[in-house]
Student: 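Could you have a look at this structure, given as structure tokens, before my questions?
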Amino acid sequence: MLDIQLLRKDLSAAIAGLKRRGFDFDEAAFRSFEAERKRLQSRTEELQAKRNSLSKQVGILKGKGEDASAVLAEGAGLGEELKSNESALAANQENLNAFLRVIPNIPRPEVPEGASSDDNVEVRRWGTPRTFDFAVKDHVDVGAGIGLDFDTGAKLAGARFPVMKGGIARLHRALAQFMLATQTEEHGYTEVYVPYMVTGECADGVSSLAKFEDQLFKIEGRDLYLIPTAEYPVTNFVRDSIVEAKDLPLKFAAHSPCFRSEAGSHGKDTRGMIRNHQFDKVEIVQIVRPEDAAAAHEELTGHAEAILRKLELPYRVMLLCTGDTGFSSAKTYDIEVWLPGQNAYREISSCSNFEAFQARRMQARYRNEKGKIEPVNTINGSGLAVGRSLVAVLENYQNADGSVTVPKALVPYMGGATVIQAGSPSARG
RNA sequence: GGAAGGUUGGCCGAGUGGUUUAAGGCACCGGUCUUGAAAACCGGCAGAGGUGCAAGCCUCUCGUGAGUUCGAAUCUCACACCUUCCGCCA
């Protein structure tokens with residue numbers, strides 16, 4: 001959430017920043033919360049101080065064996081007034097907190113203003129899309145020949161749950177292994193294995209549970225949600241803690257399944273593996289000092305790009321405009337991979353700098369060199385989405401005979417196979 | 001599913017109703033000493049909020065939430081989590 005001190009000191013700047021992303025800050029509501037808070041807080045603290053001092057006097061008198069009834073009489077009625085003030089203050093703080101927790105982050109100044117993905121800005125492009133001398137198939141048709149099976153998935157769990165058999169399943173695993181190995185061995189991330197469910201408190205630490213709960217699968221009867229990304233468990237490693245400056249940055253990479261309800265996306269990307277309820281992803285997360293956040297964000301984005309370069313898949317990097325930037329993010333780059341089957345670039349990674357927004361929500365702090373406690377900054381990105389990477393490989397590496405060439409970088413992870421032959425689901429090539 | 005024990009500051013740990021203003025230790029920071037370092041000694045050192053130009057002052061927080069009391073880390077109740085043992089089990 002936003003820094004309450006910032007709102008108190010420079011409210012107009014915060015309002016202007018939020019307006020850039022199309023968020024109307026309810027200034028009147030905030031001012032009224034604050035005025036009420038001040039009144040209740042000073043009265044409550046005054047009463048508490050009085051109670052404490054009277055109780056102390058009683059203690060001293062009783063310790064000496066003297067009569068305390070005069071002091072006790074002085075405090076008559078105090079308890080009731082204190083109680084009503086305390087509960088009013090608690091209610092006020094709860095309301096203020098709920099108000100603050102649904103306010104999105106303020107975009108960084110260099111984030112271009114815009115309403116939708118149409119206003120995103122391309123910042124760079126890598127690779128040249130391949131030209132085909134045969135009719136290009138999309139990944140569903142290519143996959144059908146090597147073990148990609150939506151019918152069985154639908155029988156088991158419904159739409160948006162693919163099943164993979166044989167060569168394509170192996171290719172999928174190879175992609176995940178390759179990504180995790182690259183991030184840990186070449187980019188200095190520590191591999192972590194994490195729970196695939198988190199509590200509501202953790203979910204509200206990275207985003208707003210109140211706003212986005214319908215995007216998550218909830219475990220019935222329990223305060224647990226299936227993770228929509230490993231960002232949820234991994235970023236929460238530092239929740240409610242104070243880390244030492246010397247231990248930063250923390251860099252973690254996790255391979256996990258991701259579960260998304262896709263509420264509201266009915267009819268969108270219904271074909272294939274672009275948008276599923278379950279997909280795998282290698283997530284990279286950095287916990288950094290505030291002064292290092294911007295550079296770390298650029299670095300992390302490069303770590304995601306490195307995967308596509310090694311796979312020799314053409315891509316472009318988009319700087320999301322204010323209207324397309326996620327709730328918690330101050331600045332986001334989307335990496336879009338070229339998909340010949342769609343004749344378009346499609347998102348395969350999203351790399352965000354959350355600055356202190358998530359850290360404040362989850363009380364993740366560090367002790368700086370001067371001994372001062374302040375929130376850490378958090379950054380994360382997909383490095384990469386495995387399912388969509390598989391889509392990209394199938395479409396970019398398809399051959400006229402229905403087989404799929406294995407990208408050079410993946411051959412070691414495929415037991416040396418250089419091609420996946422169409423035909424038998426168990427074909428290894 | 002059954003039983004027992006536990007949860008105190010960055011970490012360990014004392015504390016069973018009132019000078020607890022949470023002992024002590026570790027870690028950390030500063031200093032003395034030293035060629036430098038270590039050791040030793042001296043001092044500092046929880047977080048959050050409010051208020052103030054500042055020094056400071058005030059409030060809250062001992063797993064969470066209620067309750068008893070003039071007063072709760074301490075007593076009562078509920079819940080969460082952790083540990084150990086038994087049973088079942090991938």
Student: Can you pull out every ring-ring contact (aromatic ring centres under 6.0 Å, His included) where at least one residue sits in residues 255-282 of chain A? Sequence neighbours excluded, please.
Tutor: A/F161-A/H277, A/F217-A/H277
Student: Need the pair for B/C89. Rule: Watson-Crick or G-U wobble, both distances under 3.5 Å, any strand; none if unpaired.
Tutor: none
Student: Give me the distance, rounded to whole Å, that separates B/U59 from B/U76 when you measure between the C1' atoms they each carry.
Tutor: 27 Å
Student: What's the gap between B/G13 and B/G63 when it is taken at their P atoms, as a whole Å value?
Tutor: 14 Å
Student: Suppose you measure atom C1' in B/U21 against the same atom in B/C11; what distance do you get, rounded to whole Å?
Tutor: 23 Å
Student: Rounded off to whole Å, could you give me the CG-to-P distance for the A/N92 and B/G49 pair?
Tutor: 15 Å
Student: Could you tell me the Watson-Crick or G-U partner of B/C11, where both distances fall under 3.5 Å? Say none if there is no partner.
Tutor: B/G25
Student: Considering only atom C1', compute the distance from B/C53 to B/A66 and round it to an integer number of Å.
Tutor: 43 Å
Student: Paired with B/G56 by Watson-Crick or G-U wobble geometry, both distances under 3.5 Å: which nucleotide is it?
Tutor: B/U51
Student: Work out which heavy atom in A/A254 is nearest to a heavy atom in A/V234; give both atom names and the distance.
Tutor: CB-CG2, 4.0 Å
Student: If we ignore angles and hydrogens, is there a donor and acceptor under 3.5 Å between the side chains of A/E113 and A/T322?
Tutor: no
Student: Just the rounded figure in Å: distance from C1' of B/C60 to CZ of A/R37.
Tutor: 14 Å
Student: Partner lookup for B/A3, please. Criteria are Watson-Crick or G-U wobble with both distances under 3.5 angstrom; report none if nothing qualifies.
Tutor: B/U84
Student: Report the base-pairing partner of B/A78 (Watson-Crick or G-U wobble, both distances below 3.5 angstrom), or none.
Tutor: B/U64
Student: Are any protein N/O atoms closer than 3.5 Å to N/O atoms in nucleotides 52-59 of chain B? If there are, list each pair with its distance.
Tutor:
residue: B/U59; atom: OP1; partner: A/N52; partner atom: ND2; Å: 3.3
residue: B/U59; atom: O3'; partner: A/Q48; partner atom: OE1; Å: 3.1
residue: B/U59; atom: O2'; partner: A/Q48; partner atom: OE1; Å: 2.5

Student: Between P on B/U61 and CD on A/Q93, what's the gap in Å once rounded to a whole number?
Tutor: 12 Å
Student: For A/T325 and A/K331, which I'm curious about, is there any donor-acceptor pair between the side chains at under 3.5 Å?
Tutor: no
Student: Among A/R271, A/R388, A/E395, exactly one meets side chain to side chain donor-acceptor pair (under 3.5 Å) together with A/H139. Which residue is that?
Tutor: A/E395
Student: Send over the distance from A/R367 CZ to B/A27 P, rounded to a whole Å.
Tutor: 15 Å
Student: Start at the 5' end of RNA chain B and walk down; is the nucleotide closest to A/K83 or to A/E34 reached first?
Tutor: A/E34
Student: Looking only at the side chains, is there a donor atom on one of A/E262 and A/Q215 sitting less than 3.5 Å from an acceptor on the other?
Tutor: no
Student: With both distances kept under 3.5 Å, what pairs with B/C41, Watson-Crick or G-U wobble?
Tutor: B/G31
Student: For B/U8 versus B/A23, give the span between their P atoms, rounded off to a whole number of Å.
Tutor: 16 Å
Student: Using a 3.5 Å cut-off and no angle test, enumerate the donor-acceptor pairs between side-chain atoms of residues 287-295 of chain A and protein atoms at least two apart in sequence or in another chain.
Tutor:
residue: A/R289; atom: NH1; partner: A/E369; partner atom: OE2; Å: 2.4
residue: A/R289; atom: NH2; partner: A/A245; partner atom: O; Å: 3.0

Student: Taking B/C77 as the reference, what is the distance to B/C26 when you measure between their P atoms (whole Å, please)?
Tutor: 39 Å
Student: Using a 4.0 Å heavy-atom cut-off, does A/E86 contact any base of the nucleic acid, only the sugar-phosphate backbone, or nothing at all?
Tutor: nothing
Student: Say we look at B/A54 and B/U69: how far apart would their C1' atoms be, to the nearest angstrom?
Tutor: 40 Å
Student: Send over the distance from A/E36 CD to B/G49 C1', rounded to a whole Å.
Tutor: 17 Å
Student: Take atom CD of A/Q5 as the centre, draw a 6.0 Å sphere, and report whether it contains more than 12 heavy atoms from other residues, nucleotides or ligands.
Tutor: yes
Student: When you match A/E244 and A/I4 each to their closest nucleotide on RNA chain B, which lands nearer the 5' end?
Tutor: A/E244
Student: For A/L7 and B/G49, give me the distance from atom CG to atom C1', rounded to whole Å.
Tutor: 16 Å
Student: Rounded to whole Å, how long is the line connecting atom CG of A/D247 with atom P of B/A27?
Tutor: 16 Å
Student: How far does the C1' atom of B/G10 sit from the matching atom of B/A46, given to the nearest Å?
Tutor: 8 Å
Student: Distance check needed: B/U61 C1' versus A/I242 CD1, whole Å only.
Tutor: 13 Å
Student: Is there any salt bridge (charged side-chain N to carboxylate O under 4.0 Å, His left out) pair reaching into residues 346-360 of chain A, and which pairs are they, with sequence neighbours excluded?
Tutor: A/R108-A/E355, A/D269-A/R346
Student: Could you pull out all residues at least two apart from A/E185 that satisfy side chain to side chain contact (heavy atoms under 4.5 Å, CB included)?
Tutor: A/A181
Student: Collect all protein-nucleotide pairs involving nucleotides 17-21 of chain B in which both atoms are nitrogen or oxygen and the distance is under 3.5 Å.
Tutor:
residue: B/G18; atom: N2; partner: A/S55; partner atom: O; Å: 2.7

Student: Quick check: closest heavy atoms across A/S328 and A/N105, and the distance to 0.1 Å?
Tutor: O-ND2, 3.0 Å
